[in-house]
Amino acid sequence: MNVHLHWFLPTGGDGRTLVDRHAYTDGGIRRDRITPVSGVRAPDIEYLAQIAKAAEQLGFEAVLTPTGTWCEDAWLTTVALAQHTERLKFLVAFRPGVISPVLAAQMAATYQRITRGRLLLNVVTGGDSTEQRRFGDHLDHDRRYARTAEFLSVVRGAWSGQPYDFDGEHYQVEGGLTALPPDPLPEVFFGGSSAAAGPVAAAHADVYLTWGEPPAAVKEKIDWIRGLAEEQGRTVRFGIRLHTISRDSSAEAWATADRLLGDLDADTIAAAQQALGRSESVGQQRMLALHGGSREKLEIAPNLWAGVGLVRGGAGTALVGSHAEVADRIEEYHALGVEHFVLSGYPHLEEAYWFGEGVTPELARRGLLSTVPASPLLGAPGHGDGRAAPGSGGVPLLVAGGR
């Protein structure tokens, strides 16, 4: 089992700070308790294309796009970026409750044809009722997961190539189908830490995605989902969502983390924690519990830093350290059964290069990658051990320790 590396597209904006451009108070509507933010980069197509092109050049397989009020639409943005890239896949996040499952199946099929098979799907059930109501969704937490299960049943039925009937609590479909099913079928990534989420993942997910908790907690989740899937005769693969701060030395990496922490004043942290604490997401509550809203003891496991979660929802932890140390932690998660690593960092353009030039070659040396990107000066793909591929001129891939 090789490691699969993915990056992130900040379609809600990017910058040199953890402070979001959107306030958290009242679900992000009021901004009076947030320190003014500088160094913010707008998520225009030109900047996002820079990140996508860098991710492709550095050997990332796909980029995740978020979904929600403060993001550009993931479907439209990524299909535009597909025109700027050649091989990069797009892990498109979407909410099942705000779109017809048959329409979603049709959109995915069209997307696959337009991009020649570069679509992955990230199903986001939603853990914030305030956010869901903005999109006209008024179901409670557990019923949203029940609806997601029905939604994915209909999507896969519509992809079968034959008219598909479904009579459920949330969807009633007669003869649903896509005239031309997607080829290949997009893999479905799915996350959720609640009791309601587990059975949905076991029945429908290709890849179960968890946020970055300490290894022991991640192992518990893997064992939980794997057991539920086995009961249904299925096999589920596993992924993890993390930020990264990787540098040539550990001291440099932690100095960067300290600088990011220095941007956060007490009022900004308090406003974020107040809003995030209202989330119904069990995963979000687990993220908050890692730091308790305190700046103290943020290294919750070796090289695992919870500082991001002081002000940002969702993935709240980062791998911090030298390139070798970050590779150590990836190898540790991989040994537990984690195959997909969906990574990000602030700013996303620069951090993609730090990781791609520093950690990726280290993972290749350890035999965890099947191929690694060649130096742009060499122009050829390489083997997982850093050697040039046959027919590439025989020039070994440079595996420097970073910049």
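- Among all heavy-atom pairs drawn from Ser194 and Tyr145, the shortest one is OG-CE1, 3.9 Å.
- For CD of Gln162, the number of neighbouring non-hydrogen atoms (other residues, nucleotides, ligands) closer than 6.0 Å is 12 at most.
- A donor-acceptor pair under 3.5 Å is absent between the side-chain atoms of His170 and the main chain of Arg144, judged by distance alone.
- Residues Thr210 and Phe238 have side chains not in contact (no heavy-atom distance under 4.5 Å, counting atoms from C-beta outward).
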Leu298/Leu310 under side chain to side chain contact (heavy atoms under 4.5 Å, CB included): CA gap, chis, key distance, verdict
CA-CA 10 Å; Leu298 288 173; Leu310 289 175; 4.0 Å; yes
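- For the atom pair CZ of Phe189 and CG of Asn122, the computed distance is 8.0 Å after rounding to the nearest 0.5 Å.
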Given Glu332 and Arg329, is the salt bridge (charged side-chain N to carboxylate O under 4.0 Å, His left out) satisfied, shown in steps?
CA-CA 5 Å; Glu332 183 178 8; Arg329 301 287 77 79; 3.0 Å; yes
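- For the pair Thr77 (side chain) and Ala74 (backbone), a donor-acceptor distance under 3.5 Å is absent.
- A tilted orientation is assigned to the rings of Trp7 and Phe355, their planes being inclined by 30° to 60°.
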Where do Glu220 and Arg286 land on the salt bridge (charged side-chain N to carboxylate O under 4.0 Å, His left out) test, with the steps shown first?
CA-CA 13 Å; Glu220 288 181 1; Arg286 289 170 70 104; 5.1 Å; no
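- Put simply, the side chain of Trp159 gets close to the backbone of Ala105: a donor and an acceptor are under 3.5 Å apart.
- Only one option out of Leu363, Leu319, Val320 pairs with Val326 in a side-chain contact (heavy atoms from CB on, under 4.5 Å); it is Leu319.
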Would Arg143 and Glu169 satisfy salt bridge (charged side-chain N to carboxylate O under 4.0 Å, His left out), going step by step from the backbone distance to the final call?
CA-CA 10 Å; Arg143 291 182 69 203; Glu169 178 184 356; 3.5 Å; yes
Walk me through whether Leu369 and Leu5 qualify under side chain to side chain contact (heavy atoms under 4.5 Å, CB included).
CA-CA 9 Å; Leu369 297 176; Leu5 298 175; 4.1 Å; yes
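- Note that the SG atom of Cys71 and the CG atom of Asp73 stand 10.0 Å from one another [nearest 0.5 Å].
- Between Leu120 and Glu61, the closest side-chain pair of non-hydrogen atoms is not below 4.5 Å.
- Ring planes of His6 and His4: parallel class, angle under 30° (limits at 30 and 60°).
- Open room surrounds NZ on Lys89; 12 or fewer heavy atoms of other groups in view lie less than 6.0 Å from it.
- Put simply, the side chain of Tyr346 reaches to within 4.5 Å of the side chain of Asp14, judged on heavy atoms.
- Within the 4.5 Å cutoff, side-chain heavy atoms of Tyr111 are placed close to those of Thr78.
- The aromatic rings of Phe94 and Phe151 lie tilted to each other, with the angle between the two planes from 30° to 60°.
- A distance of 7.5 Å separates OG in Ser193 from CH2 in Trp211, rounded to the nearest 0.5 Å.
- Annotation: Arg113, atom CZ; neighbour count of heavy atoms from other residues, nucleotides and ligands within 6.0 Å is above 12.
- Between His291 and Gln273, some side-chain heavy-atom pair lies under the 4.5 Å cut-off.
- Counting only distance, with no hydrogens or angles, the side chain of Glu56 and the backbone of Arg87 share a donor-acceptor pair below 3.5 Å.
- With hydrogens and angles ignored, the 3.5 Å screen pairs no side-chain donor or acceptor of Glu150 with any backbone N or O of Ala146.
- Contact check for Leu290 versus Pro214: side-chain heavy atoms found under the 4.5 Å cut-off.
- Looking at His348, its side chain does come within 3.5 Å of a backbone N or O of Gly345 through a donor-acceptor pair.
- Across all their heavy atoms, Ile225 and Ala202 have their closest contact at O-CB, 4.4 Å.
- Separating the NZ atom in Lys53 from the CD1 atom in Ile51 is a distance of 12.5 Å, to the nearest 0.5 Å.
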Report the C-alpha distance between Gln284 and Leu276 in whole Å, list the side-chain angles of each, state the deciding distance to 0.1 Å, and finish with yes or no for side chain to side chain contact (heavy atoms under 4.5 Å, CB included).
CA-CA 8 Å; Gln284 183 64 72; Leu276 294 172; 4.1 Å; yes
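- Ser370 and Asn2 get closest at one heavy-atom pair: CB-ND2, 3.5 Å.
- Not less than 6.0 angstrom separates the ring centroid of His243 from the ring centroid of Phe8.
- Distance CD/Glu72 to CG/Asp44: 9.0 Å, rounded to 0.5 Å.
- When each of Glu350, Glu351, Glu325 is tested with Arg247 by the rule salt bridge (Lys or Arg N to Asp or Glu O under 4.0 Å), just one qualifies, namely Glu351.
- Side-chain N/O atoms of Arg241 and Ser344 include a donor and acceptor closer than 3.5 Å.
- The minimum heavy-atom distance linking Gly316 with Met287 is given by the pair N-SD, 3.3 Å.
- Between Leu209 and His340, every side-chain heavy-atom pair lies at or beyond the 4.5 Å cut-off.
- Atoms NZ and CZ, from Lys219 and Arg226 in turn, are 8.5 Å apart once rounded to the nearest 0.5 Å.
- When side chains are defined from C-beta on, Thr85 counts as touching Arg118, because their heavy atoms get closer than 4.5 Å.
- A distance-only check finds a donor-acceptor pair linking the side chain of Thr256 to the backbone of Glu252 [under 3.5 Å].
- Judged purely by atom type and a 3.5 angstrom limit, Glu299 uses its side chain to pair as donor or acceptor with the backbone of Asn303.
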Quick one, Glu362 with Arg366, criterion salt bridge (charged side-chain N to carboxylate O under 4.0 Å, His left out). Give me CA distance, side-chain angles, the key distance, then yes/no.
CA-CA 7 Å; Glu362 181 65 30; Arg366 301 181 188 197; 3.0 Å; yes
With side chain to side chain contact (heavy atoms under 4.5 Å, CB included) as the test, would you mind laying out the steps for His204 and Phe190 before giving the verdict?
CA-CA 8 Å; His204 298 281; Phe190 174 90; over 6 Å; no
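- Of all non-hydrogen atoms in Gly117 and Pro184, the two that sit nearest each other are CA-CD, 4.0 Å.
- Heavy-atom minimum distance, Ser246 versus Trp354: O-CB, 3.5 Å.
- Thr317 contributes no side-chain N or O that, together with a main-chain N or O of Glu213, makes up a donor-acceptor pair within less than 3.5 Å.
- One N or O on the side chain of Arg312 and one on the backbone of Leu18 form a donor-acceptor pair closer than 3.5 Å.
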